[in-house]
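Below is one structure, written out as structure tokens; the observations come after it.
Please read all numbers here as calculations on a predicted model, not as lab measurements.
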Amino acid sequence: MVEIKNSQEVDKLRAAAKVVAKTLALLKKEIRVGISTEQLDKIARKKIEDEGAKPGFLGYRGYPATVCVSINEEVVHGIPSKRIIKNGDIVSFDVGAIVDGFYGDAAITVPVGKVKPEYLRLIDVTRSSLNKALAVIKDGVRLGDVSYAVQEFVEKEGMSVVKEFTGHGIGRKLHEDPSIPNFGIVGKGLILRSGMTLAIEPMVCLGKGDITVLKDGWTAVSSDGSYSAHFEHDICVTDLGCEILSKA
Ligand code: MF3
Ligand code: CO
């Protein structure tokens with residue numbers, strides 16, 4: 001069942017998503033060559049708590065940290081560790097926060113130091129594919145139209161969407177219905193309605209989109225070792241379009 005949120009509920013989601021956006025902005029500012037992913041996790045946890053929120057991922061299905069930090073060929077769910085950020089890395093941050101029982105969940109990918117042009121293009125294409133999806137969303141549109149907008153754009157650029165992970169509804173639970181694949185068929189699927197709150201999150205690989213989960217049970221890497229990027233926004237469907245909730 002896909003929930004329609006009332007305006008008080010959207011207010012709480014907006015507050016949670018804003019904490020996430022501010023935390024991502026801080027991580028983007030603080031990341032540098034030589035910092036460990038654990039240090040970045042600490043920075044994020046402090047920021048979320050200073051904002052009066054709670055980390056949304058910590059303890060979720062046993063996830064052991066505040067942030068997912070996924071580097072280079074890692075697609076999503078990288079666990080913070082002693083690993084040091086290097087010149088030329090591309091780093092995806094995925095952050096969750098809870099305010100008044102509502103979740104925010106968003107992600108960005110940032111280049112560190114001197115990054116190869118093809119990896120910068122991967123980041124641009126992934127960010128743009130999210131914007132393509134958001135441009136399609138409004139009351140009355142079908143989910144397949146949104147999914148197709150991402151896939152079509154990414155594949156036209158010669159890259160691949162990851163099919164094993166999807167976006168999702170968001171609210172009192174981190175993952176609500178519907179599941180939102182980054183591939184689909186125009187005219188198919190659920191009809192979106194004003195007041196639905198969704199997390200749209202394209203994950204894109206330079207090679208094939210197949211993934212492998214490492215022995216830690218979390219870190220998803222591209223099976224072919226190709227680099228991967230991830231962007232995610234929480235949005236609320238409106239009559240004329242959508243409101244981006246995860247804006248700093
Ligand atoms: N954005 C990711 C998702 O929607 C974050 C989940 S990480 C977890 O699946 F640790 F919370 F599982
Ligand atoms: Co998500």
Side-chain angles (χ1 to χ4, degrees), residues 24 27-28 31 33 36-37 40-41 57 61-65 67-95 105-133 144 146-168 175 179-185 199-233:
L24 287 171
L27 288 169
K28 186 175 179 177
I31 192 169
V33 173
S36 73
T37 56
L40 290 161
D41 193 73
F57 297 166
R61 293 190 183 149
Y63 187 72
V67 185
C68 302
V69 186
S70 308
I71 304 170
N72 300 339
E73 79 287 354
E74 295 174 353
V75 179
V76 286
H77 303 164
I79 301 172
S81 69
K82 307 272 179 235
R83 181 168 174 178
I84 300 292
I85 300 296
K86 296 205 299 280
N87 185 32
D89 282 345
I90 66 168
V91 180
S92 302
F93 292 117
D94 194 345
V95 173
D105 173 17
I108 57 172
T109 302
V110 296
V112 182
K114 193 169 159 49
V115 169
K116 280 192 189 164
E118 60 179 314
Y119 303 151
L120 294 176
R121 196 168 78 83
L122 167 68
I123 293 172
D124 280 345
V125 166
T126 310
R127 187 194 298 105
S128 298
S129 74
L130 172 56
N131 290 330
K132 295 282 176 194
V146 179
S147 299
Y148 178 78
V150 174
Q151 181 182 22
E152 203 245 340
F153 179 75
V154 167
E155 291 182 354
K156 203 182 65 207
E157 295 289 337
M159 302 179 192
S160 306
V161 295
V162 172
K163 295 189 170 169
E164 243 134 315
F165 297 106
T166 65
H168 48 93
H175 296 131
S179 171
I180 308 174
N182 292 302
F183 61 99
I185 300 168
I200 310 290
E201 50 177 320
M203 290 144 267
V204 175
C205 291
L206 275 177
K208 292 202 206 142
D210 303 319
I211 65 107
T212 305
V213 176
L214 298 186
K215 287 211 189 73
D216 63 18
W218 282 101
T219 314
V221 300
S222 66
S223 301
D224 61 7
S226 66
Y227 277 28
S228 183
H230 178 207
F231 282 85
E232 176 177 21
H233 267 315

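Closest heavy-atom contact between H77 and S70: N-OG, 3.3 Å. A pairwise comparison of heavy atoms in V146 and A133 identifies CG1-CB, 3.8 Å as the closest pair. Looking at every heavy atom in both residues, I123 comes nearest to A229 through CA-CB, 4.3 Å. Nearest heavy atoms, P111 versus V115: CB-CG2, 3.6 Å.
The shortest distance between side-chain heavy atoms of P202 and V154 does not fall below 4.5 Å. Proximity of I85 to I71: side-chain heavy atoms (C-beta onward) are separated by under 4.5 Å at one or more points.
For residues 74-88, the set of pairs meeting the salt bridge (charged side-chain N to carboxylate O under 4.0 Å, His left out) definition, not counting sequence neighbours, comprises E38-K82, E74-R83.
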F165 vs H230, ring-ring contact (aromatic ring centres under 6.0 Å, His included): CA-CA, chis, key distance, verdict:
CA-CA 11 Å; F165 297 106; H230 178 207; 8.9 Å; no
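Of the inter-residue distances, the one linking D94 atom CG with L24 atom CG reads 8.0 Å to the nearest 0.5 angstrom. Taken to the nearest 0.5 Å, the CD1 atom of I200 stands 4.0 Å off from the CD1 atom of I180. S147 contributes atom OG, which lies 6.5 Å from atom CG of N182 (distance to the nearest 0.5 angstrom). In this structure, CG in N72 is found 11.0 Å from OG in S226, a value given to the nearest 0.5 Å. Rounding to the nearest 0.5 angstrom, the gap separating the CZ atom in F153 from the CE atom in M159 is 8.5 Å. In this structure, CD1 in I90 is found 9.5 Å from CD in E73, a value given to the nearest 0.5 Å.
A donor-acceptor contact closer than 3.5 angstrom links the side chains of T166 and S179.
More than 12 heavy atoms of other residues, nucleotides or ligands sit less than 6.0 Å from atom CZ of F231. In the displayed structure, K114 atom NZ is contacted under 6.0 Å by at most 12 heavy atoms of other residues, nucleotides or ligands.
Listed by chain and number, the residues in a ring-ring contact (aromatic ring centres under 6.0 Å, His included) with F57 amount to none (sequence neighbours excluded). Qualifying side chain to side chain contact (heavy atoms under 4.5 Å, CB included) partners for S160, counting only residues two or more places apart in sequence or in other chains: none. For S128, the side chain to side chain donor-acceptor pair (under 3.5 Å) criterion is met by no residue, not counting sequence neighbours. Applying the side chain to side chain donor-acceptor pair (under 3.5 Å) rule to T126 yields no partners; only residues at least two apart in sequence or on another chain are considered. For K163, the side chain to side chain contact (heavy atoms under 4.5 Å, CB included) partners at least two apart in sequence or on another chain are Q151, V161, F183. With sequence neighbours left out, I185 forms a side chain to side chain contact (heavy atoms under 4.5 Å, CB included) with K188. Judged as a salt bridge (charged side-chain N to carboxylate O under 4.0 Å, His left out), and not counting sequence neighbours, the contacts of D124 are R127. Taking P80 as the reference, T37, D41, Y63, A65, V69 meet the side chain to side chain contact (heavy atoms under 4.5 Å, CB included) condition, with sequence neighbours excluded. Listed by chain and number, the residues in a side chain to side chain donor-acceptor pair (under 3.5 Å) with D105 are H168 (sequence neighbours excluded). Qualifying salt bridge (charged side-chain N to carboxylate O under 4.0 Å, His left out) partners for E157, counting only residues two or more places apart in sequence or in other chains: R121.
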Extract all donor-acceptor atom pairs below 3.5 Å that involve side chains of residues 203-214 and protein atoms in other chains or at least two apart in sequence.
from, atom 1, to, atom 2, distance (Å)
T212, OG1, S223, OG, 2.8

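Ring pair Y119/Y227 is parallel by interplanar angle, where below 30° counts as parallel and above 60° as perpendicular.
Judged purely by atom type and a 3.5 angstrom limit, D89 has no side-chain atom pairing as donor or acceptor with the backbone of V91.
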